[in-house]
Protein chains: 2
Amino acid sequence: MGHGEEVLRRCLSHRGLKFTRQRRLITEAFLNAEEHITAEGLYRRVSGRDPRVGLATVYRTLALLCECGLARRHDFGEGQTRYEHSYDRGHHDHLICQVCGKVTEFHHPKIERLQKEVSEQARFTPLSHRLEIYGYCEGCSPRKG
Amino acid sequence: MGHGEEVLRRCLSHRGLKFTRQRRLITEAFLNAEEHITAEGLYRRVSGRDPRVGLATVYRTLALLCECGLARRHDFGEGQTRYEHSYDRGHHDHLICQVCGKVTEFHHPKIERLQKEVSEQARFTPLSHRLEIYGYCEGCSPRKG
DNA sequence: GTGGATGCAAACGATTTGCAAGCAT
DNA sequence: ATGCTTGCAAATCGTTTGCATCCAC
């Protein structure tokens, strides 16, 4: 069992919740899946291994993973939520290609620092943030070639 | 008639579309409403003046306002889209209070510049971006008082 | 007059929930 | 045993769409 599942197990037992077969399957599939997976996509992956797992359980488990700090929700404007791994990963932001949908991550400490400055000026206590840059990735740029 | 409506009228006629009573009512209500209004909220406002306007038309008109550059969609994670005025307004970002839901705007040129830098490094062509900082506004801060 | 616009209700798609049965503790 | 979990189907909720009628041009 991977370390991520161990985290979930602890988080569950701490709250008097159970570590079931479905939760293990879904968590394992999630941790091994591509970043930024969809609930549907994860459901399809899990169904491949065990067709008895329901979509509702995938949603319920993803909610738990978020609460335990193993997943993070993202809305990239596609009409459905994407979930990304957040265990043992530093904070990062996203470049989103409007043509092919590719999502690239980046991290920029200076931007983070300036965000704190802005918050202070507004007497605002920042807890988290979300920075998304939309445009064309290298391959989809119209001025390519 | 305000300047914003004039913009819509031009944008419509340019595409062979019509400037109807409903579109005028909805646009006027939108431009006079609070920033960051919901389709439902705008519908309620418009219904007050003319109960014959349908919610579907509000949605359809908001889509037009977005296409004409008079409105901008935002998802603040409430489960419904909010629309903000974007005519004659510079770009800005948002501080969102997780307790009371208050949205404060800010603008920080240095952050914008750094975003361009990051994009260049990734060979990404930025078209727009979205920066949201979530936390506690002054009044809702737990360390208040 | 004509093609776009409207209202209504039905359709939609992602997500959530009620419930009886199942299973981890 | 106990009560949290599950699958299923039905419900929800914001948003979109089909269609007959209406109206700006």
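As a basis for the values below, the full set of heavy atoms in this structure was taken, side chains included, without hydrogen atoms, waters or symmetry mates.
For A:Glu78, the salt bridge (charged side-chain N to carboxylate O under 4.0 Å, His left out) partners are A:Arg82, not counting sequence neighbours. With sequence neighbours excluded, no residue forms a side chain to side chain donor-acceptor pair (under 3.5 Å) with A:Arg23. Among residues two or more places apart in sequence or in another chain, the salt bridge (charged side-chain N to carboxylate O under 4.0 Å, His left out) test is passed with B:Glu40 by none.
Heavy atoms only, all atoms of each residue included: A:Val118 and B:Ile111 are closest at CG2-CD1, 4.4 Å.
When atom types are taken as modelled, the side chain of A:His91 and the backbone of A:His107 share no donor-acceptor pair closer than 3.5 angstrom. Judged purely by atom type and a 3.5 angstrom limit, B:Ser119 has no side-chain atom pairing as donor or acceptor with the backbone of B:Thr125. Of the possible polar contacts, none joining the A:His85 side chain to the A:Asn32 backbone as a donor-acceptor pair under 3.5 Å is found.
A perpendicular orientation is assigned to the rings of A:His94 and A:His92, their planes being inclined by more than 60° (bins at 30° and 60°).
Salt-bridge annotation for B:Arg89 and B:Glu105: present, with a side-chain N of the basic residue lying under 4.0 Å from a carboxylate O of the acidic one.
As a whole-Å value, the separation of B:Arg60 CZ from D:dT17 C1' is 8 Å. Following rounding to the nearest Å, A:Arg21 (CZ) and D:dT6 (P) show an atom-to-atom distance of 9 Å. In this structure, A:Leu25 places its CG atom 13 Å from C1' of D:dT6, rounding to the nearest Å. We find that CG of A:Leu64 is positioned 13 Å from C1' of D:dT6, with the value rounded to whole Å. Atom CZ in B:Arg15 sits roughly 17 Å away from atom C1' in D:dA24 (whole-Å rounding). In this entry the distance linking CG of B:Leu55 with C1' of D:dT17 reads 13 Å, nearest Å.
Nucleotides of DNA chain C lying under 4.0 Å from heavy atoms of chain A occupy a range whose first and last members, 5' to 3', are C:dA14 to C:dT25.
You'll find that the side chain of A:Arg23 is closest to D:dT6, out of D:dG14, D:dT6, D:dG7.
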Item checked: Chi angles and distances behind the side chain to side chain contact (heavy atoms under 4.5 Å, CB included) call for A:Arg10, A:Glu6 -> CA-CA 6 Å; A:Arg10 266 201 298 277; A:Glu6 200 48 53; 3.8 Å; yes

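For residues 73-84 of chain B, proximity to DNA chain C is found at no residue, defined as any non-hydrogen atom under 4.0 angstrom from a strand atom. A heavy-atom distance below 4.0 Å to DNA chain C is reached by none of the residues of residues 26-41 of chain B.
Residues A:Thr57 and A:Thr20 fail the side-chain proximity criterion, which asks for heavy atoms closer than 4.5 Å.
At D:dT15, one or more side-chain N or O atoms of B:Tyr59 fall inside 4.0 Å of OP1 or OP2 (strictly under the cut-off).
If you find the closest nucleotide of DNA chain C to B:Tyr43 and to B:Lys18, the one lying nearer the 5' end belongs to B:Lys18.
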